[in-house]
*Asks:* 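I'd like to ask some things about the structure below.
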Amino acid sequence: MNILITGGAGYIGSHTCVELLEAGHDIVIVDNFSNSNFKVLDNIKTITSKEFKFYEGDVKDKALLEKIFKENKIDAVIHFAAYKAVGESVTKPLMYYRNNLDTTITLLEVMNEFNCHNFVFSSSATVYGSPKSLPIKEDFPLSTTNPYGTTKLMNEQILSDVATADPDFSVIILRYFNPIGAHRSGLLGEDPNGIPNNLMPYIVRVATKELPSLNIFGNDYDTKDGTGVRDYIHVVDLAKGHLKAIEKAATSKGVKYYNLGTGTGYSVLELVKTFEKVNNIKVPYKIAPRRAGDIASCYADPTKAYQELGFKTELTIEDMCRDSYNYIITKEKHLND
Ligand code: UFG
């Protein structure tokens, strides 16, 4: 298949490009580098030894999308391009609604124009809000607590309405749990600008001594050791889930929802201890107050993705800790060569 990847230079997008190319698909990437680096494209080529087409620009730019669809016969789209910082979405809600909704709507309009009907969407476990029980299944009630999460839920609704209106449309919605880790080569990974909000990027910065110590947000939750529990999934496993999803999209109609997680929850302390052990390095931490909006525990029931997509994660929490650190300690080299 020839697959358009929006946000293909981003963290999850770039790993997915590698898996698609290695599986023999052709890809076309569109990215505006708002949260990524052009060097990522070279690194995808280095890993796969494959060529692909690239367009620099914004997915809200309809003329650009029409040009892409005119110049390439696109069979399916995987839509990653979006803003993703929870805190920023609270202070800049309009920026989030404008960007995260307009991109999808423009994409869908152009797909209709060019008779392309296969869509895989990058959603999030955030749409489950504060779940009443665990593990989380796809049919649990949905709610959100911040504009970022609301854009994910609104996108899901838009896609579902489009699939209802057009019986030829096939939509696969993937709800990610907590992606961490990096490509084993050290050539692709996550390195957010500024002080990281998420746990693993923060741990890595403490390990490299760029930050003095980790704040653990709360040790009085009703969990195994009092710290928050999450379902961490290796980004390479997550990327492989997109390969399964694109194959499903090509052979089904309507809208389908899948959790992409491992089904196992680890606490903040467990992740810190595993990181220290695997990388043989200290990560100093302090217990800090709970972070507003956090829930105690969140982990997936991955059964549906296994039964219907044949998706099963393979990489361990040790792999995730090793690869996250390896990417950061080698990245100067890979991004500046
Ligand atoms: N945590 C700390 N210290 C930090 C950062 C995080 O203790 O400096 C804790 C949090 O309290 C939480 C856990 O680490 O218990 C994970 O926090 P993250 O910020 O890494 O991830 P979240 O689970 O809060 O959110 C992530 C994504 C969201 C997505 C959500 C889906 O950031 O975009 O998973 O479940 F919506």
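This chain uses plain numbering: 1 for the first residue, then up along the sequence. Values below: every heavy atom of this structure, side chains too, minus hydrogens, waters and symmetry copies. For ligands, and for the atoms within them, numbers begin at 1 and follow the listed sequence.
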*Asks:* Taking the six-membered ring for Trp and the single ring otherwise, decide whether the centroids of Tyr176 and His242 are under 6.0 Å apart.
*Replies:*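 Yes.
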*Asks:* Does Arg290 form a side-chain contact (heavy atoms from CB on, under 4.5 Å) with Phe217? I'd like the steps, not just the answer.
*Replies:* CA-CA 4 Å; Arg290 290 181 179 194; Phe217 299 139; 5.6 Å; no
*Asks:* How close does the nearest protein non-hydrogen atom get to atom 26 (C) of ligand 1, and which residue and atom is it?
*Replies:* Asn178 ND2, 3.6 Å
*Asks:* Among protein heavy atoms, which sits nearest to atom 17 (O) of ligand 1, and what does the distance come to when rounded to 0.1 Å?
*Replies:*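 Scanning the protein heavy atoms, the shortest distance from atom 17 (O) of ligand 1 goes to Arg291 NH2, 3.4 Å.
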*Asks:* Quick test: of every protein heavy atom, which one is nearest to atom 35 (O) of ligand 1, and how far off is it to 0.1 Å?
*Replies:* Ala125 CB, 3.6 Å
*Asks:* Are the aromatic ring centres of Tyr96 and Tyr83 under 6.0 angstrom apart?
*Replies:* yes
*Asks:* Just let me know how Asn215 lines up against ligand 1, side chain, backbone, both or neither, with a heavy-atom cut-off below 4.0 Å.
*Replies:*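 Only the backbone of Asn215 comes within reach of ligand 1.
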*Asks:* Would Val235 end up clustered with Ile47 when hydrophobic side chains under 4.5 Å apart are linked, directly or stepwise?
*Replies:*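 Yes, it is one cluster - the side chains of Val235 and Ile47 are joined through contacts under 4.5 Å.
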*Asks:* Before we go on, tell me: are the rings of Phe177 and Tyr299 under 6.0 Å apart, centre to centre?
*Replies:*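 No - the distance between ring centres of Phe177 and Tyr299 does not fall below the 6.0 Å cut-off.
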*Asks:* As an exercise, identify every atom of ligand 1 less than 4.0 angstrom from a heavy atom of Ile216.
*Replies:* 7 (O)
*Asks:* Are Thr144 and Thr150 close enough that a side-chain donor and a side-chain acceptor fall under 3.5 Å?
*Replies:*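 The answer is yes; a qualifying pair exists.
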*Asks:* Which residue and non-hydrogen atom of the protein lie closest to atom 9 (C) of ligand 1, and at what distance in Å?
*Replies:*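 Result for atom 9 (C) of ligand 1: Val268 CG2, 3.7 Å.
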*Asks:* Taking 4.0 Å as the limit for heavy-atom contacts, which would you say applies to Asn197 with ligand 1: side chain only, backbone only, both, or neither?
*Replies:* backbone
*Asks:* Got the closest protein heavy atom to atom 29 (C) of ligand 1, with its distance?
*Replies:* Ser124 OG, 3.5 Å
*Asks:* Just to confirm my output: which protein heavy-atom neighbour is closest to atom 1 (N) of ligand 1, and how far is it?
*Replies:* Phe217 CD1, 3.7 Å
*Asks:* Of the protein's non-hydrogen atoms, which lies at the shortest distance from atom 20 (O) of ligand 1, and what is that distance?
*Replies:* Leu199 N, 2.8 Å
*Asks:* Mind checking whether Tyr221 has a heavy atom under 4.0 Å from ligand 1?
*Replies:*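 The answer is no, since Tyr221 has no heavy atom less than 4.0 Å from ligand 1.
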*Asks:* Below a 4.0 angstrom heavy-atom separation, can you tell me which part of Asp294, side chain or backbone, both or neither, approaches ligand 1?
*Replies:* side chain
*Asks:* Looking only at protein heavy atoms, identify the closest one to atom 27 (C) of ligand 1 and say how far it is in Å.
*Replies:*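 So the nearest neighbour among protein heavy atoms is Asn198 ND2, 3.9 Å.
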*Asks:* Would you say Tyr232 touches ligand 1, if touching means a heavy atom closer than 4.0 Å?
*Replies:*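 Yes; Tyr232 lies near enough to ligand 1 that a heavy-atom distance drops under 4.0 Å.
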*Asks:* Taking the six-membered ring for Trp, are His79 and Phe121 parallel (under 30°), tilted (30 to 60°) or perpendicular (over 60°)?
*Replies:*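 Rings of His79 and Phe121: tilted, 30 to 60°.
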*Asks:* Counting each atom of ligand 1 from 1 as listed, which ones have a heavy atom of Gly228 under 4.0 Å away?
*Replies:* 15 (O)
